[in-house]
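Note that these values count all heavy atoms, side chains included, but never hydrogens, waters or copies made by symmetry.
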Amino acid sequence: MSFKNIGLKEPILKALQQKGYKEPTPIQQLAISSILKNKDVMAAAQTGTGKTAAFAIPAIESLLRRKAKGPRILVIAPTRELVSQIEDEFRKLTIGTKIKSMTIYGGVSENPQIEKLKRNPDIICACPGRLLDLMRQGHVNLSRVEKLVLDEADHMFDMGFLPDINRILDELPEHRQNLLFAATMPPEIRRLAQK
């Protein structure tokens, strides 16, 4: 199977070609088709299997199919390095589109992040702590989020982020698509997925 057979829009196909992607990896094949059908997805995938593209490609496709004010995609990950890598992947895959993405994480000034939020980005890639801080200050409106991605959910649990994630979930629209990716699936992650 090739990416063309999935039925993706031309800007994504062009970006995939520029990145040298020829065929979807196994996790991409399974996840992309389910995500495009608006199904919730819970997947175990190791680093290096192409899981970021597995959720980024269909997320971008949904943004291209229907224009609306953002943020519409929220990706939560445990570390600033991972959040930056995910947002970098989104930027590479949205070349030639008007889709805007941004990162939110601690350890840096929040002012540039607040300024970017004012421009209604389509995609937010965030660490839970700083995201929650900015939400409490009234800088983040998550009422339009259509897709929530929890990446490395098992690591977030290990790092004690579960209470923060639950608080964020309480602020999201009830009707949304949920995508959960983890290397392992301990019982706590399954319970989070059920919520």
Side-chain angles (χ1 to χ4, degrees), residues 1-105 112-113 116-117 119-127 131 140 142 144-153 172 176-183:
M1 174 186 270
S2 73
F3 284 107
K4 282 185 180 178
N5 297 345
I6 297 172
L8 300 172
K9 292 208 172 282
E10 191 56 39
I12 300 177
L13 291 173
K14 195 173 177 183
L16 289 168
Q17 189 177 19
Q18 286 175 349
K19 283 194 64 151
Y21 287 5
K22 291 183 174 49
E23 293 180 357
T25 65
I27 186 67
Q28 290 167 357
Q29 274 188 5
L30 292 168
I32 291 171
S33 60
S34 294
I35 296 169
L36 288 174
K37 291 175 187 161
N38 242 1
K39 294 180 180 178
D40 288 345
V41 171
M42 183 168 71
Q46 299 296 328
T47 302
T49 58
K51 70 177 166 57
T52 302
F55 61 75
I57 291 167
I60 295 163
E61 179 71 18
S62 70
L63 294 174
L64 292 172
R65 287 182 182 176
R66 190 179 67 80
K67 307 276 190 255
K69 198 172 180 181
R72 294 169 52 201
I73 311 294
L74 174 62
V75 182
I76 301 176
T79 66
R80 67 190 275 180
E81 292 79 20
L82 184 57
V83 162
S84 296
Q85 288 170 14
I86 293 167
E87 198 260 344
D88 187 52
E89 183 82 2
F90 271 107
R91 260 188 292 114
K92 289 174 182 170
L93 292 170
T94 55
I95 288 174
T97 72
K98 293 183 178 176
I99 293 172
K100 296 178 289 191
S101 61
M102 69 168 293
T103 56
I104 294 177
Y105 51 75
Q113 296 171 359
K116 285 183 180 178
L117 284 165
R119 293 182 226 137
N120 296 313
D122 302 289
I123 303 160
I124 294 176
C125 302
C127 288
L131 176 61
V140 185
L142 300 178
R144 297 184 196 95
V145 169
E146 298 166 6
K147 291 186 193 321
L148 167 68
V149 181
L150 296 179
D151 194 17
E152 298 206 4
L172 294 174
R176 65 178 186 269
Q177 187 177 26
N178 299 294
L179 312 172
L180 187 147
F181 290 81

Other residues, nucleotides and ligands only: do more than 12 of their heavy atoms fall within 6.0 Å of CD on Gln18?
yes

Among pairs that include at least one residue of residues 52-61, which meet salt bridge (charged side-chain N to carboxylate O under 4.0 Å, His left out), considering only residues two or more places apart or in two chains?
Glu61-Arg65

With sequence neighbours excluded, give me every ring-ring contact (aromatic ring centres under 6.0 Å, His included) pair touching residues 57-83.
none

Within a strict 4.5 Å, meaning less than it, do heavy atoms of the Leu63 and Ile73 side chains meet?
yes

Taking every non-hydrogen atom, the tightest pair across Ile32 and Ala54
CG1-O, 3.5 Å

Check whether any side-chain heavy atom of Met102 sits under 4.5 Å from a side-chain heavy atom of Leu117, and report yes or no.
yes

Would you say that Ile76 contacts Leu148 through its side chain, given a criterion of any heavy-atom pair below 4.5 Å between the two side chains?
yes

Is there any ring-ring contact (aromatic ring centres under 6.0 Å, His included) pair reaching into residues 64-92, and which pairs are they, with sequence neighbours excluded?
none

Nearest 0.5 Å, please: how far is CG in Leu131 from CD in Gln113?
10.0 Å

Measure the spacing between NZ of Lys67 and CG of Leu64 and express it to the nearest 0.5 Å.
5.5 Å

Partner residues of Thr103 under the side-chain hydrogen bond (donor to acceptor under 3.5 Å, both in side chains) criterion, sequence neighbours left out:
none

If you look at every heavy atom in Gln28 and Phe3, which pair is closest and at what distance?
OE1-CZ, 3.5 Å

Can a salt bridge be assigned to the pair Lys14 and Glu10 using a cut-off of 4.0 Å between side-chain N and carboxylate O?
no

Taking all non-hydrogen atoms of both residues into account, name the closest pair between Leu74 and Leu142 and its distance.
CD2-CD1, 4.1 Å

Gap separating the CD1 atom of Ile57 from the CD1 atom of Ile6, nearest 0.5 angstrom:
7.0 Å

To the nearest 0.5 Å, what is the distance between CZ (Arg91) and CD1 (Ile123)?
11.0 Å

With rounding to the nearest 0.5 Å, note down the distance linking OG in Ser101 to NZ in Lys116.
8.5 Å

Measuring only between side-chain heavy atoms, which start at C-beta, is Leu8 closer than 4.5 Å to Leu16?
yes

Could you work out, with side chain to side chain contact (heavy atoms under 4.5 Å, CB included) as the rule, every residue matching Ser33, not counting sequence neighbours?
none

Sequence-distant partners of Asp151, side-chain hydrogen bond (donor to acceptor under 3.5 Å, both in side chains), two or more places apart:
Lys51

Closest heavy-atom pair, Ala77 versus Ile86, reported as atoms and distance to 0.1 Å, is CB-CD1, 3.9 Å

Scan residues 68-81 for pairs that pass side chain to side chain donor-acceptor pair (under 3.5 Å), counting only residues two or more places apart or in two chains.
Arg72-Glu146

Answer yes or no: is there a donor N or O on one side and an acceptor on the other, between the side chain of Gln177 and the main chain of Ile35, under 3.5 Å?
yes

Would you say the side-chain atoms of Ser62 pair up with the backbone N or O of Ala59, donor to acceptor, closer than 3.5 Å?
yes

Looking only at non-hydrogen atoms, find the nearest pair between Ala53 and Pro58 and report the distance.
O-CD, 3.9 Å

Considering only residues two or more places apart or on different chains, which pairs with a residue in residues 55-87 satisfy ring-ring contact (aromatic ring centres under 6.0 Å, His included)?
Phe55-Phe181

Checking Lys100 now: which residues fulfil side-chain hydrogen bond (donor to acceptor under 3.5 Å, both in side chains) with it, not counting sequence neighbours?
none

Any idea which heavy atoms bring Cys127 and Tyr105 closest together, and the distance?
SG-CB, 3.8 Å

OG1 on Thr97 to CD1 on Ile99, rounded to 0.5 Å:
4.0 Å

For Gln85, side chain to side chain contact (heavy atoms under 4.5 Å, CB included) partners two or more places apart:
Leu82

Pro71: what forms a side chain to side chain contact (heavy atoms under 4.5 Å, CB included) with it, not counting sequence neighbours?
Ile124

Sequence-distant partners of Lys19, side chain to side chain contact (heavy atoms under 4.5 Å, CB included), two or more places apart
Tyr21, Glu89, Lys92, Leu93

